[in-house]
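A short worksheet on the structure shown next.
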Amino acid sequence: MTGVQTCALPICWVRAWRDELFAITDPATGRPLAQTERAASRFWGTCTLGAHANGYIAGADGRPTHLWVAQRALTKATDPGMRDNLVGGGVPQGQTPHDTLVREGWEEAGLTPAQMATARPGRVLRLHRDIPEGVQLEDLHSFDLALPAGLVPQNQDGEVAGFECLPVDQALALAAGGAMTVDAELVTLDFALRHRLLPAAEAARLALALSPLLA
């Protein structure tokens with residue numbers, strides 16, 4: 001395919017129009033094929049990318065003791081009021097997941113590029129599910145961001161209602177109990193698995209459940 005292909009859609013068919021371009025990529029290779037309005041990507045079920053950061057505080061032994069959990073603003077077009085990762089967002093045309101993470105770090109949590117540069121990549125989970133808007137086919141790129149005790153995130157763009165710094169067991173209970181967005185649930189539970197924060201039997205069950213999602 002050469003050039004940019006465009007297709008006019010009646011806006012009433014597509015929910016939460018953003019005036020933001022997302023790449024249409026080959027799900028097998030990640031190669032960009034064209035571009036579309038962000039909201040239309042779920043209408044068509046095209047593969048998108050997400051970037052999420054688990055913001056955590058570590059104890060003296062380096063193990064995570066607390067996780068920062070955001071609450072989405074009630075005005076959000078999708079999942080208003082639900083709990084979320086410290087930072088999370090869709091990857092637009094022309095950005096990498098890390099680029100998006102750095103941008104969203106400032107917009108959502110008031111964290112500078114220098115602070116976001118310390119984020120370490122985790123794993124990529126492929127989420128594929130039917131939703132009211134159509135189909136969500138998204139590769140979730142997770143990152144781990146260690147933050148010092150005493151630092152308090154400050155939202156800049158009005159898309160986050162507030163933040164809580166929760167002991168890991170409380171944060172994991174939110175993730176397992178349906179209080180988080182599905183994206184954030186998966187990224188949070190994968191964080192717990194990678195950092196060995198769960199009892200052995202529970203970790204084994206979770207590893208089995210997540211293994212089909214590993215991209």
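- Heavy-atom minimum distance, S142 versus D190: OG-OD2, 4.2 Å.
- Between the side chain of R120 and the main chain of T118, a donor-acceptor pair closer than 3.5 Å is present.
- Checking side-chain atoms of R63 against main-chain N and O of R196 turns up a donor-acceptor pair under 3.5 Å.
- For the pair R72 (side chain) and D79 (backbone), a donor-acceptor distance under 3.5 Å is present.
- Among residues at least two apart or in separate chains, salt bridge (charged side-chain N to carboxylate O under 4.0 Å, His left out) pairs with a member in residues 164-177 are R83-E164.
- Between G158 and A73, the shortest heavy-atom contact is O-CB, 3.5 Å.
- Aromatic ring pairs are classed by plane angle as parallel below 30°, tilted from 30° to 60° and perpendicular above 60°; the pair F163 and W68 is perpendicular.
- Among L111, L101, N54, V87, the one residue that satisfies the side-chain contact (heavy atoms from CB on, under 4.5 Å) test with L145 is L111.
- Looking at every heavy atom in both residues, A209 comes nearest to P212 through O-CD, 3.2 Å.
- Within the 4.5 Å cutoff, the side chain of R194 has heavy atoms near those of the D144 side chain.
- For D99 and R103, the salt-bridge test fails: no basic side-chain N is under 4.0 Å from an acidic carboxylate O.
- Applying side-chain contact (heavy atoms from CB on, under 4.5 Å) to V91 and the options D139, T96, T48, T100 leaves one that passes, T100.
- The closest donor-acceptor contact from the side chain of E108 to the backbone of E159 lies at 3.5 Å or more, if one exists at all.
- Distance check, rounded to the nearest 0.5 Å: CG of L198 to CG of L189 gives 7.5 Å.
- The backbone N or O of V69 sits nowhere less than 3.5 Å from a side-chain atom of D84 that would complete a donor-acceptor pair.
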**Request:** I would like to know whether H98 and F143 meet side chain to side chain contact (heavy atoms under 4.5 Å, CB included); could you show each step before the answer?
**Result:** CA-CA 9 Å; H98 187 266; F143 295 82; 4.1 Å; yes
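- Note on L140: it clusters hydrophobically with V182, by side-chain heavy-atom contacts below 4.5 Å among ILVMFWY residues.
- Both L172 and L210 are members of a single hydrophobic cluster when ILVMFWY side chains are connected at heavy-atom separations under 4.5 Å.
- By the 4.0 Å N-to-carboxylate-O rule, R31 lies too far from D26 to be salt-bridged with it.
- Taking all atoms of both residues into account, the shortest heavy-atom contact from C165 to I57 is SG-CD1, 3.6 Å.
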